[in-house]
Amino acid sequence: MNAMRDHLTCKIGVYEVEYRIRTKGGKYKWYYDRGKITKYDQTGKPVFLAGIVFDITEKKVIQQELENKNKLLAEQSALDGLTKISNHSTIVEHLKSEIAASNHSKEPLAVALFDIDDFKKVNDSKGHIFGDRVLVEIAGIIQSKIRKSDLVGRYGGEEFLVVFSNTDLEMASMIGERIRQSIENHCFEPGLKITISGGVKQYAGEEITALIHAADMKLYDAKKSGKNRVVS
């Protein structure tokens, strides 16, 4: 053990170490070991070491449970409570990170902003519970159509922002169209057709707000020209 070696070579005055031992039953027990050399021979070599060992298994179990809970809370705080995809702040922070990476690597980067067409009519005619189900299903469809290197987040209300890592405008537009078609062909309820419109923009060195705004303007063009389409 490094702590013991450092103590024997006089690098530290007291050694302290935590370690685990596997029991005969296959379980692990944790121990805290602390000690120091108390006697040396005439040549200065250590001949006696005194120390104490504590069983800290229960403490380690509690600590691990706390770490797991904190990890779960961190994951939950990064997700939208309804759709379970990234929430607004998470997707924006991710985009900031991707912009920095793109500036460094010079690899392309693109974003797509999607909005459910006439979603208010869906809520008004079918109720908000049904509307929530539509949001969840659309989030799942988008998630299933993007790559592992991409990320989708609920940007707000019925808007979804997708960040396409290392992707140019042509590829992002193709994936966006694939998403649009999948939602158009999805059966949310017999006889009910739900569509989305989208705007795609490739990063060109602008600020993050300008990039998202440009995608939003493309989305506006899609809505203005008849909805159920992706404009890039």
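The basis for the numbers below is simple: all heavy atoms, side chains too, and nothing from hydrogens, waters or symmetry mates. Treat the numbers as computed from the prediction; the structure is a model and nothing was measured.
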Among all residues two or more places apart in sequence or in another chain, which pass the side-chain contact (heavy atoms from CB on, under 4.5 Å) test with [X]?
{"X": "A215", "value": "V111, L113, K201"}
{"X": "A210", "value": "E206"}
{"X": "K120", "value": "D124"}
{"X": "K39", "value": "V47, F48"}

Quick note, salt bridge (charged side-chain N to carboxylate O under 4.0 Å, His left out) partners involving residues 20-30, not counting sequence neighbours, are K29-D55
Between the main-chain N or O of [Y] and the side-chain N or O of [X], is there a donor-acceptor pair closer than 3.5 Å?
{"X": "K84", "Y": "G81", "result": "yes"}
{"X": "S86", "Y": "L79", "result": "no"}
{"X": "D118", "Y": "K121", "result": "no"}

So ring-ring contact (aromatic ring centres under 6.0 Å, His included) across residues 186-207, not counting sequence neighbours, yields H186-F188
Quick note, ring-ring contact (aromatic ring centres under 6.0 Å, His included) partners involving residues 84-117, not counting sequence neighbours, are H88-Y155
Apply side chain to side chain contact (heavy atoms under 4.5 Å, CB included) to residues K223 and D117 and explain how you reach the verdict. CA-CA 8 Å; K223 294 283 190 179; D117 295 327; 2.7 Å; yes
Are [X] and [Y] connected, step by step, through hydrophobic side chains (Ile, Leu, Val, Met, Phe, Trp, Tyr) whose heavy atoms are closer than 4.5 Å?
{"X": "I142", "Y": "L109", "result": "no"}
{"X": "L82", "Y": "V162", "result": "yes"}
{"X": "I85", "Y": "V92", "result": "no"}
{"X": "M217", "Y": "V163", "result": "no"}
{"X": "I138", "Y": "F164", "result": "yes"}

For residues 160-171, the side chain to side chain donor-acceptor pair (under 3.5 Å) pairs (sequence neighbours left out) are E98-S165, R147-T167
Residue pairs meeting side chain to side chain donor-acceptor pair (under 3.5 Å), one or both in residues 207-221, sequence neighbours left out, come to none
About how many Å separate [atom2] of [Y] and [atom1] of [X], when rounded to the nearest 0.5 Å?
{"X": "R154", "Y": "F160", "atom1": "CZ", "atom2": "CZ", "value": "6.5 Å"}
{"X": "L219", "Y": "I212", "atom1": "CG", "atom2": "CD1", "value": "12.5 Å"}
{"X": "L135", "Y": "E159", "atom1": "CG", "atom2": "CD", "value": "11.5 Å"}
{"X": "I91", "Y": "D80", "atom1": "CD1", "atom2": "CG", "value": "11.5 Å"}

Tightest non-hydrogen contact, residues T38 and A50, listed as CG2-CB, 3.8 Å
Note: G176 and V230 closest approach over all heavy atoms is O-CG2, 3.7 Å
Students should find that the hydrophobic cluster of W30, defined by side-chain heavy atoms under 4.5 Å apart, otherwise consists of Y32, I52, F54, I56
* N228 and R180, any side-chain heavy atoms less than 4.5 Å apart -> yes
* To do: Evaluate the side-chain proximity of I175 to V200: yes if any heavy-atom separation is below 4.5 Å, no if none is.
  => no
For the CD1 atom on I129, are there more than 12 heavy atoms of other groups (residues, nucleotides or ligands in this structure) within a distance under 6.0 Å? no
Working for side chain to side chain contact (heavy atoms under 4.5 Å, CB included), residues I116 and V122
CA-CA 10 Å; I116 304 174; V122 175; 5.7 Å; no
Residues passing the salt bridge (charged side-chain N to carboxylate O under 4.0 Å, His left out) test with R133, sequence neighbours excluded, are E137
By ring-ring contact (aromatic ring centres under 6.0 Å, His included), Y28 pairs with (sequence neighbours left out) none
* side chain to side chain contact (heavy atoms under 4.5 Å, CB included) between V134 and K126, worked out -> CA-CA 11 Å; V134 169; K126 298 292 183 178; over 6 Å; no
